[in-house]
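This one's a predicted model, so the numbers in the text were calculated from it and none came from an experiment. Atom set for the values below is all heavy atoms of this structure, side chains included, hydrogens, waters and symmetry mates excluded.
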Amino acid sequence: PRFVFPAAIPDGFGPDIMSQIQNKIGESVLLRRVPPEAYLEYSTEIVRTLDGFHQISAIRSAVFLSEQDCPYEEEFDGNDFCATHLLLKAKGRPVGTLRIRWFAEFAKLERIALLPCER
């Protein structure tokens with residue numbers, strides 16, 4: 001059987017959660033406009049499989065454990081299984097990630113990581 005990663009999505013968000021998140025966050029928080037070609041090069045997906053979780057773990061390990069020398073116990077703190085994870089891909093190659101933890105009245109964006117080659 002196929003393993004489905006338990007992506008925690010709060011009530012009120014439907015299957016088109018990516019567009020809903022984008023609408024809630026909006027481009028107004030950015031310091032500069034996103035070039036139109038970036039939408040062709042980059043894509044984001046919700047992590048729902050074990051393979052996807054391995055990809056975000058590899059990115060976070062490269063950035064936080066290796067590059068920033070964070071302790072393993074701090075980076076992988078046990079909150080990953082109750083969070084929603086997003087995976088950023090550049091031309092189909094995983095390059096970044098973040099996790100969203102949902103609370104009653106707000107959401108926290110955490111563990112935002114981007115590989116050095118994309119900074």
(request) Report yes if the side chains of Asp80 and Arg60 come closer than 4.5 Å at any heavy-atom pair, otherwise no. (result) yes
(request) Can you measure from CG (Leu87) to CG (Leu98) and round to the nearest 0.5 angstrom? (result) 10.0 Å
(message) According to salt bridge (charged side-chain N to carboxylate O under 4.0 Å, His left out), who are the partners of Asp69, at least two apart in sequence or on a separate chain?
(response) none
(request) Could I get the full list of side chain to side chain donor-acceptor pair (under 3.5 Å) partners for Glu110, not counting sequence neighbours? (result) Arg99, Arg101, Lys108
(request) Please name all residues satisfying side chain to side chain contact (heavy atoms under 4.5 Å, CB included) with Ala58, sequence neighbours left out, ordered by chain then number. (result) none
(message) Within the structure provided, determine whether Val47 and Leu86 are in side-chain contact (heavy-atom separation under 4.5 Å).
(response) no
(message) Go through it in stages, so that I can follow the logic: the residues are Ile59 and Leu115, the test is side chain to side chain contact (heavy atoms under 4.5 Å, CB included), and I'd like the CA-CA distance, side-chain angles, deciding distance and then a yes or no.
(response) CA-CA 7 Å; Ile59 292 168; Leu115 292 177; 4.1 Å; yes
(message) Is there a side-chain contact between Pro94 and Leu88 in this structure, where contact means two heavy atoms from C-beta onward sitting under 4.5 Å apart?
(response) no
(request) Rounded to the nearest 0.5 Å, what's the gap from NZ on Lys91 to CG on Leu40? Could you check? (result) 10.5 Å
(message) Show, in sequence, the C-alpha distance, side-chain angles and deciding distance for Asp77 and Arg111, and conclude whether the side chain to side chain contact (heavy atoms under 4.5 Å, CB included) test is met.
(response) CA-CA 11 Å; Asp77 58 4; Arg111 306 301 193 263; 2.8 Å; yes
(message) How close do Phe53 and Ile56 get, counting heavy atoms only, and between which atoms?
(response) O-CG1, 3.1 Å
(request) Using side chain to side chain contact (heavy atoms under 4.5 Å, CB included) as the criterion, list what pairs up with Ala90, not counting sequence neighbours. (result) Tyr42, Val95, Glu118
(message) Which residues pass the side chain to side chain contact (heavy atoms under 4.5 Å, CB included) test with Leu65, not counting sequence neighbours?
(response) Ser61, Tyr72, Glu75, Phe76
(message) I'd like to know if Glu67 pairs up with Arg119 as an ion pair, taking the criterion as any Lys NZ or Arg NE/NH1/NH2 lying under 4.0 Å from an Asp or Glu carboxylate oxygen.
(response) yes
(request) Please list, chain by chain and in numerical order, all residues satisfying side chain to side chain contact (heavy atoms under 4.5 Å, CB included) with Pro71, sequence neighbours excluded. (result) Glu73, Glu74
(message) Could you tell me if the side chain of Cys117 sits less than 4.5 Å from the side chain of Arg93, heavy atoms only?
(response) yes
(request) Would you give the length of the straight line joining atom OG of Ser57 to atom NE2 of His85, rounded to the nearest 0.5 angstrom? (result) 8.0 Å
